[in-house]
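Scope of the values below: all heavy atoms of this structure, side chains included, with no hydrogens, waters or symmetry mates. Numbers restart at 1 for each chain; the letters A, B, ... are given by sequence-line order, proteins then strands. As the structure is a prediction and not an experimental result, all values here were calculated from the model.
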Protein chains: 2
Amino acid sequence: MSAEGSGDARGRAGRAGRAGRRAGDEGAARVPLAHRVPDLGALELLLFVARLGSLGRAAREMGISQPAASSRLRAMERQLGVVLVERSPRGSRLTDAGALVTDWARRIVEAAEAFDAGAHALRDRRDSRLRVAASMTIAEYLLPGWLIALRGGRPGTAVSLYAANSSVVAQRLREGAADLGFVEGTDAPAGLDGAIIGHDRLVVVTAPSHPWARRRGPVAPEELAATPLILRERGSGTRQVLDAALRAHGGLAEPLLELASTTAVKSAAVSGAGPAVLSELAVGDEFSTRRLVEVPVDGVRLRRDLRAVWPVGERPAGPARDLLGLTRGRG
Amino acid sequence: MSAEGSGDARGRAGRAGRAGRRAGDEGAARVPLAHRVPDLGALELLLFVARLGSLGRAAREMGISQPAASSRLRAMERQLGVVLVERSPRGSRLTDAGALVTDWARRIVEAAEAFDAGAHALRDRRDSRLRVAASMTIAEYLLPGWLIALRGGRPGTAVSLYAANSSVVAQRLREGAADLGFVEGTDAPAGLDGAIIGHDRLVVVTAPSHPWARRRGPVAPEELAATPLILRERGSGTRQVLDAALRAHGGLAEPLLELASTTAVKSAAVSGAGPAVLSELAVGDEFSTRRLVEVPVDGVRLRRDLRAVWPVGERPAGPARDLLGLTRGRG
DNA sequence: ATGGGGACATAGGCTGAGGTTATGAGTGCC
DNA sequence: GGCACTCATAACCTCAGCCTATGTCCCCAT
C-alpha cells in the first residue's frame, strides 16, 4: 500500500497570490489556515464518499446535487495537490493518499461534532428537558463527548449547559435551576447527593525537547517539589491539589510561571519553558500530537474525584439517568 | 464564573428552513454539520480575538479588514445563539460562554493544523529537502504532530511523505528514494540501521456500555483469548502481535468480526458490538470523548516497537536529524 | 444487439456569504 | 480639545458554490 501525492499542483501559485492581496501586505506569506484546509463541508463530503463508495450517493446524503459534489471534491483535490478519489463508471474509491487524508479529515469532523454538541447545549436553555450544570473542566473536556453519546442513544433529548465553579454548580442544583451537576474535587458539596463517576489525574508534562522527557526513571516527589513549575494561579483547583500532595515532600517551590488559564499553561509548556502540571483531561491532544510528553512521578497521589451530583433525595431519572449512565467508567 | 447561552436565537428557523431545500427533501431535518458549525476562518478569528483582546487586531492578523471581522464574529454568534465576545470601546473580551466555545474551537483548529501539515507533506514530493517514508499507522497518527513541531523549530523545511507498509518503506530507503523511514514491528528491516523511538501498545477497548467497561479487575489473558473479538483481518500488524501474545494462553478465539480497516473496527466497537483490540495511537480521540474505554489486561505483553530507520552507514543529518530529534520519548 | 440505469463530467446561470472602503460613534489619554 | 484607539453601520462588489440540463462511459438484462 502506498500513499503519495500524485495530483498536479497547477493553480497553487494562483491561489496563494490572490489571498489577502489588498489588506495587510506587510507580513510574510500569511495565508490563514482556512485557505489551506478544505472547509468542513468538503471534508464531510470526503467522509461520505469514503463510506458510501459513490460520489452521487454522498451528494444525496449531504443534500446537494451530484455535480455540486463532483466539483467540490475536485476543488479540494486541486487545493491539496493530491488525487484523493479514484473515479470509475461504477463508483469511486479512495486512493491511498485519499485514505490518509480521510483519516486526518475525520479528526477535524469529530472535533466539529463535539463543538456542535457543546454549542447546542449552551444555546438551548430553560426549555430543555435536561439542565446540566458542570465545572469548567468537565464542561470543556468531557461533556461534549457525553452529549454526542447521549444523542446517539436517546435522540431528541435537549440538554442545556451551565458551566461554573463547583460551589456555583451546587448552588444551582439546590435552587432547582439544574437537574444534574458535575464537579471535580475531594468531597461532595453539602446538601447534595452524588456518585463518583471517575477520576482526574494531574500529570507532569514537558515539551519533548525538555531534559525530563528523556530521563530514564520517574521524578521523585522531592525533586518535583523543588523544581520551579509552570502553574495556574494560586486558588485554582489544580494548584490546590498539587499543593496538598507535595506538602509532605517539602512544599511547592516558587513557580517558574504563574498563568491565568489552562491554555496559557499549555502554551508555555509546549514552547519548552519548563515542566507544567495539568489535568490529564487537558492534554489529550498535546499527547497524541506529541507536543507534550508525560513525565512519570513516583509516590505522589495526584488524583481528584469526578462526581455527578444532584439534590438530596432526588435520584436522577429520565434523561438525567440516561446521561449519568454514559459517564461511568473513567479512571 | 458562569457560561451559559445568552444570545438571542432569532434567525435559527430561517437558516434551517433554507438549507437543502431543493434537493432531497425526503429525509428528516438533515442539516449537514457544516451548516451548524462555523467555518474554520471564523473559528480561527475567534481564537485570535481571544488571544489579542481586540477585534481589529485579530482582523489584521488574519489579513482581513476590521468590519469583515466584526460581521463575521457577529454572524457566528447569531449562528450559535450565544454571545461569545464582550465588546467595549477599548477592546474585546470573551464571555464565559465564549471561553468555553473558544476551547472547543481550538480543538477543531488544531486538528486542521495537523491535516494541513500532513497534506502539505503529501503534496510536496521529490523536490523536498526531506523525504520521509512511514508505515500507515505512524503516517496517520504521529507524523502530522511531528511535522507541526518541525515547522515550529525549523521553518522552511519542506517534507515529503510516502506511506506504505514496513517492507515497502524499507525498499524505498534502500533505493535512496527516501531519507528517513518510520516503521512499527518487532525487528528492524534488513539492510537498514535504526533506532527505537518509542512503543506502540495494543489496547483492549469497548464501548462504555459494554459489561467489560464496568468490571472491577483486569481481564485475564485466558479470558481475552477465549472471547470473540472485533479485529483487523489476518495478516495485519495488529493481528500478528495479538496472535503471538496470546498463543501461550490458548490462542485467539474465532473473531466476532473481521474488518478491513482500523476505522471500521473502531466504529464497530463504539456501537457496542463487542471488545476490540487496537493500537493505542488509534483511539486517543475515542478515549477523550469517552466513546471507548480501555479494558485493562493482565500479564500479556502487547507492545511493539516504533522505529526510525535509515540506510546502513548514512546517519541522519540535517533536516532528517531535526525530525528524528522530535520523535523520541514516546512510551 | 440494444435499451436502461448508474456512475461521473461539463456547461451555463444564479444567489449570497463574505470581502472591500468610507464613515460614525463611544472612551480614554495627553 | 484633539488624538488614538475601540467597534458598528452602510453601500457596493466579487466569486465560490449551488442548481438544472445534458453528455459520456460502462455494465447488465432483455
Side-chain angles (χ1 to χ4, degrees), chain A residues 11 14-15 17-25 31-32 34-35 37-46 48-49 52-79 83-95 98, chain B residues 11 14-15 17-25 31-32 34-35 37-46 48-49 52-79 83-95 98:
Chain A
R15 289 204 89 271
R18 190 185 330 114
R21 187 159 36 94
R22 278 183 159 155
D25 261 8
V31 182
H35 289 153
V37 176
D39 62 69
L40 278 170
L43 299 176
E44 219 180 344
L45 175 65
L46 179 63
F48 276 126
V49 172
L52 301 173
S54 152
L55 254 170
R57 310 232 260 127
R60 231 169 300 137
E61 202 70 19
M62 288 195 63
I64 63 176
S65 69
Q66 173 266 317
S70 179
S71 107
R72 201 158 190 192
L73 190 63
R74 191 167 296 279
M76 175 161 48
E77 289 179 325
R78 197 161 40 83
Q79 179 180 16
V83 174
L84 304 172
V85 169
E86 202 179 275
R87 288 97 164 150
S88 93
R90 66 192 182 296
S92 295
R93 265 181 51 78
L94 292 179
T95 61
Chain B
R15 287 203 92 271
R18 190 190 325 118
R21 186 157 38 94
R22 279 182 158 155
D25 263 7
V31 182
H35 290 153
V37 177
D39 61 72
L40 279 170
L43 298 177
E44 221 182 342
L45 175 65
L46 180 62
F48 275 126
V49 171
L52 300 174
S54 150
L55 253 171
R57 308 230 261 131
R60 229 169 303 140
E61 202 71 18
M62 289 195 64
I64 61 176
S65 69
Q66 171 267 318
S70 178
S71 108
R72 202 156 189 193
L73 191 62
R74 190 167 297 278
M76 174 161 50
E77 290 178 325
R78 197 161 39 83
Q79 179 181 16
V83 174
L84 303 172
V85 169
E86 202 180 276
R87 289 99 164 147
S88 91
R90 64 189 184 297
S92 295
R93 265 181 50 80
L94 293 178
T95 61

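Here C:dG18 presents its P atom at 12 Å from CG of B:Leu45, a figure rounded to the nearest Å. Look at NE2 on B:His35: it is 12 Å from C1' on C:dG16, rounded to the nearest Å. The nearest whole Å value for the distance from the CG atom in A:Leu55 to the P atom in C:dT10 is 12 Å. For the pair A:Leu73 CG and D:dG17 C1', the computed distance is 14 Å after rounding to whole Å. Rounded to an integer number of Å, the gap from A:Arg57 CZ to C:dA7 C1' is 11 Å. Nucleotide C:dA17 holds its P atom 8 Å from the CZ atom of B:Arg78, rounded to whole Å. One interatomic measurement links the two molecules: CG of A:Leu43 to P of D:dG17, which rounds to 12 Å at whole-angstrom precision. One interatomic measurement links the two molecules: CD of A:Glu44 to P of D:dG17, which rounds to 15 Å at whole-angstrom precision.
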Heavy-atom contacts, protein to nucleotides 23-30 of chain D, under 4.0 Å, summarised as B (base), S (sugar-phosphate only) or - (none) per nt, yield --BSS---

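Side-chain atoms of B:Gln79 come within 3.5 Å of backbone atoms of B:His35 as a donor-acceptor pair (strictly under, hydrogens ignored). In terms of modelled atom types and a separation under 3.5 Å, the side chain of B:Thr95 and the main chain of B:Val83 share a donor-acceptor contact.
The salt bridge (Lys or Arg N to Asp or Glu O under 4.0 Å) search around B:Arg87 returns B:Glu77, not counting sequence neighbours. Judged as a side chain to side chain donor-acceptor pair (under 3.5 Å), and not counting sequence neighbours, the contacts of A:Arg72 are A:Asp39. Residues passing the side-chain contact (heavy atoms from CB on, under 4.5 Å) test with A:Ala69, sequence neighbours excluded: A:Leu45, A:Leu55, A:Ala59, A:Ile64.
Regarding contacts with the backbone of C:dA17, every side-chain N or O of B:Arg72 stays at 4.0 angstrom or more from both OP1 and OP2. Between A:Ser71 and D:dG17, a side-chain N or O to OP1/OP2 separation shorter than 4.0 Å is absent. Within the structure, a side-chain polar atom (N or O) of A:Ser54 is placed less than 4.0 Å from OP1 or OP2 of C:dC8. Residue A:Ser70 has a polar side-chain atom (N or O) positioned under 4.0 Å from OP1 or OP2 of C:dA9. At the phosphate of D:dT6, neither OP1 nor OP2 sits under 4.0 Å from any side-chain N or O atom of B:Arg87.
For B:Ser65, the listed nucleotide lying nearest its side chain is C:dT20; candidates were C:dT20, C:dG18, C:dC8.
Residue contacts shown for A:Ser92 are limited to sugar-phosphate atoms, with no base heavy atom under 4.0 Å away. Residue-level contact check: A:Ala68 touches the backbone only, with heavy atoms under 4.0 Å from sugar-phosphate atoms and none from bases.
Toward the 5' end of DNA chain C, the nearer of the two residues B:Pro67 and B:Ala75, judged by each one's closest nucleotide, is B:Ala75.
Taking OG of B:Ser71 as the start and CE of B:Met76 as the end, the distance is 10.5 Å to the nearest 0.5 Å.
Of all heavy-atom pairs spanning A:Ser92 and A:Val49, the tightest one is CB-CG1, 4.5 Å.
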